[in-house]
Amino acid sequence: MLKNNFIAAARNNELQQHVFESKFKLKEQELNLLKSQIHPHFLFNTLNTIYGFALKQSTETPDLILRLSDLLDYILYQVNKPGVSLRDELKHLNQYIDLEKVRFEDTLSVRMKLDIENDEEQIAPLILLPFVENAFKHGALTDGLLLIDIVISSTNSRLHFYVKNTCNFISYNAGIGLSNIQKRLELLYPDRHDLNISMEEDAFIVNLEIYY
């Protein structure tokens with residue numbers, strides 16, 4: 001009886017391990033799929049910007065291509081890492097914003113406030129960028145301006161990210177971008193994040209907290 005119980009327990013442990021490995025592989029595959037969906041979405045918007053300037057034979061086109069090249073390097077070689085420094089994530093977030101500033105010219109107002117205790121704190125790559133990209137893609141001009149407010153604060157235990165953009169709710173459609181990032185957060189920070197998305201009058205607001 002003891003021998004049979006031991007064999008049954010061993011088989012049960014083996015089965016549980018197999019189930020665990022299967023779930024891990026499924027999560028890994030889902031995460032890779034979500035990453036592959038984010039990249040074309042981001043590239044489509046950025047390449048459209050460069051294409052428009054190339055058509056006008058703008059002297060700014062080479063600089064835009066250089067910035068995009070740096071972003072591509074980040075996406076291709078850093079996104080598969082489990083974590084990057086907050087400094088690197090913010091650097092490439094600013095690069096993306098700079099590209100959009102060129103595209104929007106004088107119809108854009110971006111205000112960013114940072115309060116970072118340690119910019120070497122590790123964060124999953126491309127966690128913040130999709131929310132900012134969404135603000136540009138689906139935002140709308142109000143009195144001739146697209147207004148975007150970004151606030152990022154970080155302590156040794158928590159990251160708080162806030163972005164607010166003007167929008168037109170009649171035609172507002174967040175698309176697949178926000179759905180993807182919500183799934184990524186669930187996979188990468190289970191029980192360690194709070195995401196609140198809300199609408200106020202003519203504004204779309206994202207509040208995200210990640211607990212290290």
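Side chains are part of it too, since the values below use all heavy atoms of this structure and drop only hydrogens, waters and symmetry mates.
Ring planes of H92 and Y74: parallel class, angle under 30° (limits at 30 and 60°).
Of the possible donor and acceptor atoms, one in the side chain of E89 sits under 3.5 Å from a partner among the backbone N and O of I127. Between the side chain of T155 and the main chain of R158, a donor-acceptor pair closer than 3.5 Å is present. Side-chain atoms of T166 come within 3.5 Å of backbone N or O of A140 as a donor-acceptor pair. Between the side chain of R184 and the backbone N or O of Y189 there is no donor-acceptor pair closer than 3.5 Å.
Defined by atom type and a distance below 3.5 Å, a donor-acceptor pair is present between the side-chain atoms of N207 and H160. Side-chain contact of D191 with Y211: a donor-acceptor pair under 3.5 Å is absent, judged by distance alone. A side-chain donor-acceptor contact under 3.5 Å links D70 and Q95.
With respect to the salt-bridge test (charged N to carboxylate O, under 4.0 angstrom), the residues D149 and K164 do not qualify.
For residues 49-68, the set of pairs meeting the side-chain hydrogen bond (donor to acceptor under 3.5 Å, both in side chains) definition, not counting sequence neighbours, comprises T49-R103, D63-R67.
Across I197, D194, L185, a single residue satisfies side-chain contact (heavy atoms from CB on, under 4.5 Å) together with L208, and that is L185. Checking N134, V163, I148 one by one against F204, the side-chain contact (heavy atoms from CB on, under 4.5 Å) holds for a single residue, N134.
Distance CG/D119 to CG/D88: 9.0 Å, rounded to 0.5 Å. Annotation: the span from L146 atom CG to H138 atom NE2 amounts to 12.5 Å, rounded to 0.5 Å. Rounded to the nearest 0.5 Å, atoms CG (L86) and CG (N118) are 8.5 Å apart.
In this structure, N156 and E121 approach most closely via the heavy-atom pair CA-OE1, 3.8 Å.
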